[in-house]
Engineer: 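Encoded as structure tokens, here's the structure I'll be asking about.
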Amino acid sequence: MRENWPPAKISLNPEKRILFLTKDLDLIKQQLYHGLNLKMEDLSVEDLLDDINTDVMTPAWVCFDHDPAEIAKNAYAGLMHNGIRVFNENALKNGNFEIIVSGQRKGTGSSRETAPQCERWAGINIVIAASFAPIHGQNNINLGQLMGDHAMLERLQNGESIELIEFTSRYDEVTQIILEKGGLFPFAKSLKNGGIDLPAINTPPRPMTMAEKIIARNLVGQAEGQCVKPHDPVIAQVQGGYSHEFTTAQVHTFLKEEYGEDYTLPNPSKFAVFEDHLLYAHHNPKFVKHMDKVQTLRDLQVAFQKHTSVRDYSAKDGVSPGICHQVAREEFIEVGDFIQATDSHTCMGGASNALTWGVGATEYANLISAGFTFVKVPESIRFELTGKLTPGCTAKDVILYILADHAREELTLNRSMEFGGEGLASLSVDERATLCNMATECSGRTGICEADGLLYEWMLQSQPHLDLETQRSLSVHPDEGAEYHGGVHVIDMSKIQPMVAHPGDPDKGIPSDPTNGANIIDIGDVDIDIAYGGSCTAGKADDVAYYAQVCQAAEDAGLVVKEGVDFYIQYGSGIVKDLAVREGWHALFERVGVKLIDPGCGACIGAGPGVSITPEQVTVSAINRNFQGRSGPGKLYLASPLTVAASAFKGTITSWHHGLFN
């Protein structure tokens, strides 16, 4: 699409414009439709929208197109004002903008590469923000998009030309080369053809964190025992990866475009495809008109699987084996693995003492075709867990606390979140998976838990073919004296209270965001219409046990789900559903009025039963994100499985405690 990009000097094109994404949404409309042009010197960073998430940039239905040019037509379709789209179709492209400007933490949320694609294919070349969510920032780099700060924008608007090196010098040498080449694919081709000499790693022996240790032992072309440090640019091998029907079509298309129709993969058995995100999309009235595009995505994933022979986790008779992250940890992620996949919640695998994170379609396509991946070693932040959770609290409350406190302060930004301490032993492996799963909501690079006897026991139960001693030998623990740029933070879990993340007030520039934490005791009476338990975050075995605990107490008290409330439970995998049937939970749920759904992502991605239908509806949900419009147009509160279940029977957001229904 772009020739001779980037130039050696960056200056403004007098025929192009700059779009400022302001908290005053009317100002955005004036820029889009009435020719208003703003200058950075007349604004402050505080005037600009923070936490613009990828669901706002490209809502799920926009991602049903896999052609970036089509995706760009509906750029920012999720930004709403009083229930109406701020960006009409083609608004970004027709506005003739070359730079887009926002505030803090641009691109939070999913790893969907469609978000930066919608900007690039609408004509945006430069993205300005105070900070970027890590996966989104990497996706920009992979597409050759330049990222800068507000001071640089002021200089450009004042007529200055800025050397390319000023945009790239903040990065390591390899990232600089990727940007200079115009993106990851041109870089990979040049590397393969011998046109690039990578810098040597000269990090001396040093104490390392868990993430650093796993990267170090997977280095390609380095001496055995070579250490790494944060920001080292390295080439590393992975033990596996996966994609799903929302992303595989782009992976397949990009590989055909870059390497021809007869492209091959060097290690297809390491990788997999899942059909889990869109199985129930037809249940959302907004998606019905797009079902032909959904079928195209499914068909292209089937074509990719047949072409490459990667492992196949397609639905059988309309039923999925499960959500990719749950099935991956049940069936093939091992202790100490390095895994990359095309979904931001890949970090859930960190509960298995593995290093796992999400990447965009371009990066994944390059990874599976080249057999290696480019990695910038992340900084780390350490959470020392002490004490035990009180009844009524779960790991979801712990991560909501971290989101409201540490993530809002950007302490977790682009860092590997390590969980350890004596309190970790009191959390089941499924509960640890909840902590790691929502590292991406913290804008962290990933989450990883220390290994212990409880983990090894879980691993051997889940994957009986594994050998205990091998798993022990593959485990990693931080070295004494390891460096944590984000600090070491002690969290006394006994002091955590049941929490929610509230939906904010997007019409007034307050995003609906997982960092909007509040103790339930402080939010007053909030009536609900929907209670939803499911997703990769809350469809695990222990989550279903929590739902069953509350449902059993309700049945013992002679209660059924509150009239006027729809309570949905969606299993995370077939294995979890089978457990629920064996334990009698499935029948219990039916007796008390729960609406049960087979495994899949469902309402979490807005593609299944449990989504709100009107803006007035209120949902309490155990999913991971409450972004505006993600799970329907209503207001959504994030909460723990215990809180969700208790609220379903009370009709208001209620924390669980024994005797609640007496």
Side-chain angles (χ1 to χ4, degrees), residues 1-8 10 66-69 71 111 113-114 116-117 119-121 125-126 135-147 164-165 167-168 171-201 218-222 232-238 241 243 247-268 270-271 300 303-304 307-310 338 340-342 358-376:
M1 178 179 175
R2 296 181 295 193
E3 294 184 2
N4 303 316
W5 179 262
I10 309 298
H66 66 282
D67 180 349
I71 290 166
S111 62
E113 191 180 298
T114 54
Q117 286 172 2
E119 293 180 333
R120 177 184 158 178
W121 269 265
N125 292 323
I126 301 172
I135 300 176
H136 185 74
Q138 188 61 50
N139 284 337
N140 272 322
I141 291 167
N142 294 338
L143 293 177
Q145 295 287 81
L146 296 183
M147 291 175 283
L164 176 62
I165 190 65
F167 284 89
T168 63
Y171 305 113
D172 58 83
E173 293 177 68
V174 175
T175 302
Q176 289 181 34
I177 298 172
I178 292 173
L179 286 169
E180 290 164 1
K181 291 290 183 181
L184 186 60
F185 274 131
F187 165 85
K189 282 186 173 181
S190 186
L191 181 65
K192 187 176 182 179
N193 296 332
I196 297 174
D197 292 322
L198 295 178
I201 302 172
N218 282 288
L219 294 175
V220 173
Q222 303 293 332
D232 276 349
V234 303
I235 303 296
Q237 62 181 352
V238 299
S243 60
T247 56
T248 303
Q250 283 203 338
V251 174
H252 188 41
T253 301
F254 293 169
L255 287 172
K256 287 194 296 183
E257 289 174 352
E258 292 295 327
Y259 300 108
E261 294 282 341
D262 59 348
Y263 78 87
T264 59
L265 304 185
N267 295 296
K270 284 186 175 184
F271 304 99
L300 286 171
F304 170 78
H307 181 93
T308 61
S309 299
V310 298
F338 188 16
Q340 292 189 346
T342 59
V359 295
T362 295
E363 191 166 352
Y364 187 75
N366 184 72
L367 158 69
I368 62 175
S369 63
F372 57 80
T373 185
F374 164 65
V375 175
K376 183 178 179 181

Engineer: Minimum heavy-atom separation for V251 and A361, please, with both atom names.
Structural biologist: CG2-O, 4.0 Å
Engineer: Is a side-chain donor or acceptor of R120 paired with a backbone partner of L143 at a separation under 3.5 angstrom?
Structural biologist: yes
Engineer: Would you say Y171 and I178 make side-chain contact, with heavy atoms under 4.5 Å?
Structural biologist: no
Engineer: Establish, yes or no, whether a centroid distance under 6.0 Å links the rings of F254 and H66.
Structural biologist: no
Engineer: Evaluate whether atom NZ of K181 has more than 12 neighbouring non-hydrogen atoms of other residues, nucleotides or ligands under 6.0 angstrom away.
Structural biologist: no
Engineer: Sequence neighbours excluded, which residues qualify as side-chain contact (heavy atoms from CB on, under 4.5 Å) partners of P266?
Structural biologist: none
Engineer: Using a 3.5 Å distance criterion without hydrogens, assess whether the side chain of K376 forms a donor-acceptor pair with backbone atoms of Q138.
Structural biologist: no
Engineer: Ignoring hydrogens, what is the shortest heavy-atom contact between G241 and Y364? Give both atom names and the distance.
Structural biologist: C-OH, 3.4 Å
Engineer: CG of N193: more than 12 outside heavy atoms within 6.0 angstrom?
Structural biologist: yes
Engineer: Compare all side-chain heavy atoms of I368 with those of L255 and state whether any distance is below 4.5 angstrom.
Structural biologist: yes
Engineer: State the OG-OH distance between S369 and Y263, to the nearest 0.5 angstrom.
Structural biologist: 9.0 Å
Engineer: Shortest non-hydrogen contact from N267 to F271?
Structural biologist: O-CD1, 3.2 Å
Engineer: For T342 and T247, which I'm curious about, is there any donor-acceptor pair between the side chains at under 3.5 Å?
Structural biologist: yes
Engineer: Minimum heavy-atom separation for N139 to P116, with atom names?
Structural biologist: CB-CG, 3.7 Å
Engineer: Please name the pair of heavy atoms, one in H252 and one in L300, separated by the smallest distance, quoted to 0.1 Å.
Structural biologist: CD2-O, 4.0 Å
Engineer: Taking all atoms of both residues into account, what is the closest heavy-atom pair of W5 and G144, and its distance?
Structural biologist: NE1-O, 3.0 Å
Engineer: Strictly by modelled atom types, are T175 and D172 linked by a side-chain donor-acceptor pair under 3.5 Å?
Structural biologist: yes
Engineer: Looking at CD1 of I196 and CZ of F187, how far apart are the two atoms once the value is rounded to the nearest 0.5 Å?
Structural biologist: 4.5 Å
Engineer: With rounding to the nearest 0.5 Å, note down the distance linking OG1 in T168 to CD in Q176.
Structural biologist: 4.5 Å
Engineer: At what distance, to the nearest 0.5 angstrom, does OG1 of T373 lie from CD of E363?
Structural biologist: 5.0 Å
